[in-house]
Chemist: 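Sharing a structure here in structure tokens format.
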Amino acid sequence: MLDIKLIREQPDHVKAKMARAGTSADVIDRILGYDEERRRLETEAGGLRNERNVGSKGMATCKGEAEREALKTAMRALGDRISEIDGRLGGINEEQSSLMLTLPNLPDARVPEGRTEAENVLVRQVGEPRTFDFVPKPHWEIGANLGILDLERGVKISGSRFYVLKGAGAALQRALITFFLDLHVHEHGHTEIYPPFVVKRECLVGTSQLPKFEDNQYHDVEDDLWLVPTAEVPVTNLHRDEILDAHKLPIRYVAYTPCFRREKMSAGRDVRGIKRGHQFDKVEMVRICAPETSDAELHSLTGHAEEACRRLGIPFRTMLVCAGEKGEFNTLQYDIELWAPKSKGDEGGEWLEVSSCSNFGDFQARRMGLRFRREKGAKPEFCHTLNGSGLALPRVMIAVLENYQNEDGSVTVPPVLRQYMSGLERITARE
RNA sequence: GGAGAGAUGGCUGAGUGGUCGAUAGCGGCGGUUUGCUAAACCGUUGUAGGCUUUAUACCCUACCCCGGGUUCGAAUCCCGGUCUCUCCGCCA
């Protein structure tokens, strides 16, 4: 959420920045209209309340009965006017705040211009795609041949875009999760969190999935609980409505959770394999910090995600995401992509997005009342929040299977994962 | 799931219709005293909006879990909800 004062004082600046991501400026004018009306009514109601408070105090020390009745009548009239104004105020507040909740964030000046993925800017690439001396297979074939990935039975029990991992496939996923957690906890200084996998509505509002992306969420209507689409939601909301001591910042959390997404919009896209499903596992890093350190935090966060890729020994590249492609609620976003040589089947390989590292500035913090205090007696200020995957599992699985495949159909286990797989060096077909 | 109790400032805990943003204690902060520490004493100590103003000053308003209601007036009375605790039942 943006600061209403900023909108009020620099509307043209706000409009110009929002235009970069293709957002219309009309909504700003509507908000300003509501804001002006709101403040006018609040001032009016405040004055009337003051009048009533003074009058009511006089009531206790009133002398004559006639005077008392007259005062009572006058106060009752005042009360009626106040409730009338409050009624209008309630409506206006609701209109204004629901508009405020739909506004995007203002992009950082470093966000490149552009509408599509093609306009993202390459920041760095590490490693070169492997050249094969045999014809490599896509992961769905590798997985099926090894008996570690069962797409058909996933569909049978849960519907399209669900899959089953089996044997060494399930173990590989578990190894990746543990590897990522250990890396970010023991070497990158994060505290591990195990959060609930369902949250209240207000949490989704806090991190901005609601109201905008309601149709992408799995929602239990009976208890109004929502399956988390990412660990970002429960973990960032851990400190909602809190005022943190400055010396506790930055807070660095890492959490493994499954993620649930309807992905209604993308029917027909990325249908082959396990690239895009309704349920996937992810290890997510979340940071809460003071405003002046969030840029450094974003870069360390991105570096930590890159390190996970580096240790897997798979080529990756880091992209600075352009205005039209980045998440509309962050200020700056880096995507990290792992090379997958046959992910598009006969069309060949592609860079798979396995992490998205974003700085949200105070946007989420405002929505969830997440503040900190620099020192005793100082005014509370909004924190900055960030998050980034470290990493998203199915796509890492794709990259591992496709990059580490051998001519005989087996898959070499990346050295860094072997300690998490009872020393297994190679996944081969089994009964 | 059943029965009962409760929710008040950073914490503990008073307050049952007006003089209550709220007694008191603890903690915190400032000060006095003081070889040091401790103790004692004095003072101070919430959030947000109106509101960027020379000023974190003054003033006004709201907030005692949340939402409604009664009333001239609600922390206090009534209704609904949420959460917590105790006991019982059930269960990884």
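Order of the sequence lines sets the chain letters (A, B, ...), proteins ahead of strands, with each chain counted from 1. What you see below is based on every heavy atom in this structure, not just the backbone, and it leaves out hydrogens, waters and symmetry mates.
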Chemist: Can you check the A/L48 CG to B/C72 P distance for me, whole Å?
Modeler: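 So the two atoms are 17 Å apart, to the nearest Å.
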
Chemist: Suppose we define a pair by two distances each less than 3.5 Å, Watson-Crick or G-U wobble; what does B/C63 pair with here?
Modeler: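 B/G46 - that is the nucleotide pairing with B/C63, both distances being under 3.5 Å.
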
Chemist: Can you tell me the pairing partner of B/U53 across any strand shown, Watson-Crick or G-U wobble, with both distances under 3.5 angstrom?
Modeler: none

Chemist: Where along nucleotides 46-63 of chain B does protein come under 4.0 Å, by heavy atom, of base (B) or sugar-phosphate alone (S), with - for untouched nucleotides?
Modeler: -SSSSSS-------SSS-

Chemist: What is the separation between atom CZ on A/R240 and atom P on B/C83, rounded to the nearest whole Å?
Modeler: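 Rounded to the whole Å, the gap is 15 Å.
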
Chemist: According to the Watson-Crick and G-U wobble definitions, with both distances under 3.5 Å, which nucleotide is paired to B/U70?
Modeler: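 Partner of B/U70: none found under 3.5 Å.
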
Chemist: Which residue pairs pass the salt bridge (charged side-chain N to carboxylate O under 4.0 Å, His left out) test when at least one of the two sits in residues 361-373 of chain A, sequence neighbours left out?
Modeler: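 Sorted pair list: A/D3-A/R366, A/D362-A/R366.
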
Chemist: Looking at A/K15 and A/D29, does any basic side-chain N land under 4.0 Å from a carboxylate oxygen?
Modeler: yes

Chemist: In this structure, how many angstroms lie between the P atom of B/G81 and the NZ atom of A/K200, rounded?
Modeler: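 Roughly 16 Å, once rounded to whole Å.
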
Chemist: Using the C1' atom on both, measure B/C91 against B/A5 and round to a whole Å.
Modeler: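 Those two atoms are separated by 26 Å.
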
Chemist: Determine the interatomic distance between P on B/A14 and the same-named atom on B/U8; round to the nearest Å.
Modeler: 11 Å

Chemist: Please enumerate all residues that pass side chain to side chain contact (heavy atoms under 4.5 Å, CB included) together with A/D224, with sequence neighbours excluded.
Modeler: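 Side chain to side chain contact (heavy atoms under 4.5 Å, CB included) list for A/D224, sorted by chain: A/R201, A/H219, A/W226.
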
Chemist: Now, which nucleotide makes the Watson-Crick or G-U wobble pair with B/A3, with each of the two distances under 3.5 Å?
Modeler: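 Paired with B/A3, as far as the under-3.5 Å criterion goes, is B/U86.
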
Chemist: Output all residues satisfying side chain to side chain contact (heavy atoms under 4.5 Å, CB included) with A/D220, sequence neighbours left out; order by chain, then residue number.
Modeler: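 Residues passing side chain to side chain contact (heavy atoms under 4.5 Å, CB included) with A/D220: A/E222, A/D223, A/L225.
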
Chemist: Verify the distance criterion only: is there a donor paired with an acceptor across the side chains of A/Y163 and A/H278 at less than 3.5 Å?
Modeler: no

Chemist: Could you let me know what B/C20 is paired to, Watson-Crick or G-U wobble, both distances under 3.5 Å, or none if it's on its own?
Modeler: none

Chemist: Determine the interatomic distance between C1' on B/U70 and the same-named atom on B/U76; round to the nearest Å.
Modeler: 13 Å

Chemist: Taking B/A62 as the reference, what is the distance to B/G67 when you measure between their P atoms (whole Å, please)?
Modeler: 15 Å

Chemist: For RNA chain B, which residues in residues 74-87 of chain A have a heavy atom at a distance below 4.0 Å?
Modeler: A/M75, A/R76

Chemist: If I pick the P atom on B/A22 and the same atom on B/U61, what distance separates them, to the nearest angstrom?
Modeler: 13 Å

Chemist: Regarding A/K282 and A/T230, do their side chains bring together a donor and an acceptor under 3.5 Å, going by distance alone?
Modeler: yes

Chemist: Any carboxylate oxygen within less than 4.0 angstrom of a Lys/Arg side-chain nitrogen, looking at A/R311 and A/E307?
Modeler: yes

Chemist: Does A/K212 have any side chain to side chain contact (heavy atoms under 4.5 Å, CB included) partners at least two apart in sequence or in another chain, and if so, which?
Modeler: A/E328, A/F329

Chemist: Distance check needed: B/G28 C1' versus A/E375 CD, whole Å only.
Modeler: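 It is 14 Å, rounded to the nearest whole Å.
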
Chemist: Considering only NZ, NE, NH1 and NH2 on the basic side and carboxylate oxygens on the acidic side, decide whether A/E37 and A/R40 come within less than 4.0 Å.
Modeler: yes

Chemist: Could you measure between the two C1' atoms, the one in B/G28 and the one in B/C83, and give it in whole Å?
Modeler: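 My reading of the C1' atoms in B/G28 and B/C83 gives 29 Å.
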
